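Working notes, structure below.
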Amino acid sequence: MTDPASLNERIWLAVAAIPAGRVSTYGAVANAAGLPRGARRVGRALGALPPDSQIPWYRVINAQGRIAIPQGSKAAREQWDRLLGEGVIPDANGRIDLRRYGV
DNA sequence: CTGTTGACAGTAC
DNA sequence: CGTACTGCCAACA
């Protein structure tokens, strides 16, 4: 880890640090991974995440409290399903309250 | 709410 | 090997 194989690995580790029942934003994960302005890098890293990984990628949402994945995608439904299963409930506007679930 | 700008690793060419 | 373009975003106007 003193010399990570790739940025993706560092990003994944930062995502893995998110506690259950909580959510984090791309910016926060990027900051935790050592990328102060690398929010977009986080998105690409999650997209490159292997399907058999144990990384809680679904706990990562954008700064607007919304899922960044295009609605209708299988991954988007899975993300909502997993979040609901951990007690993360969106408000009436369909947005997750970062003031409550945010770390 | 929409639009534009910033920043930077992958990827394509 | 270099150049251009892209992208599960954020911050600002």
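Quick caveat: nothing in here was measured; it's all calculated off a predicted structure. Below, read A as the first sequence line, B as the second, and so on, with proteins coming before strands; counting in each chain starts at 1.
Within the 3.5 Å criterion, the main-chain N or O of Gly94(A) finds a donor-acceptor partner in the side chain of Arg66(A). Panel note: side chain Gln54(A), backbone Ala16(A); no donor-acceptor pair is recorded below 3.5 Å. In this structure, the side chain of Tyr101(A) engages the main chain of Ile89(A) through a donor-acceptor pair within 3.5 Å. Using a distance-only test at 3.5 Å, with no hydrogens or angles considered, a donor-acceptor pair links the side chain of Thr25(A) to the main chain of Ala28(A).
Atoms CG (Asn8(A)) and C1' (dA9(B)) sit 9 Å apart, rounded to a whole Å. For the pair Arg10(A) CZ and dC8(B) P, the interatomic distance rounds to 13 Å; values are reported in whole Å. With rounding to whole Å, Asn31(A) atom CG is found 16 Å from dA7(B) atom P.
Using a 4.0 Å cut-off on heavy atoms, none of the residues of residues 82-103 of chain A approach DNA chain B.
We find the CZ-CG distance between Arg10(A) and Leu35(A) to be 6.0 Å, quoted to the nearest 0.5 Å.
By the 4.0 Å N-to-carboxylate-O rule, Glu78(A) lies close enough to Arg82(A) to be salt-bridged with it. Salt bridge status for Arg59(A) with Glu86(A): present, with a side-chain N to carboxylate O gap under 4.0 Å.
With sequence neighbours left out, the side-chain contact (heavy atoms from CB on, under 4.5 Å) criterion links Asn93(A) to Asp91(A), Arg95(A). Qualifying side chain to side chain donor-acceptor pair (under 3.5 Å) partners for Tyr26(A), counting only residues two or more places apart in sequence or in other chains: none. Evaluation of the side-chain contact (heavy atoms from CB on, under 4.5 Å) rule for Arg37(A) yields no partner, not counting sequence neighbours.
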Which protein N or O atoms sit under 3.5 Å from an N or O of nucleotides 6-10 of chain C?
from	atom 1	to	atom 2	distance (Å)
dG7(C)	N9	Arg40(A)	NH2	3.1
dG7(C)	N7	Arg40(A)	NH2	2.7
dG7(C)	N2	Arg41(A)	NH1	2.3
dC9(C)	N4	Arg40(A)	NH1	3.2
dA10(C)	OP1	Ala63(A)	N	2.7
dA10(C)	OP2	Ala63(A)	N	3.0

### Query
Given Watson-Crick or G-U pairs with both distances under 3.5 Å, what dot-bracket string fits DNA chain B, with | for other-strand pairs and [ ] for crossing?
.|||||.||||||
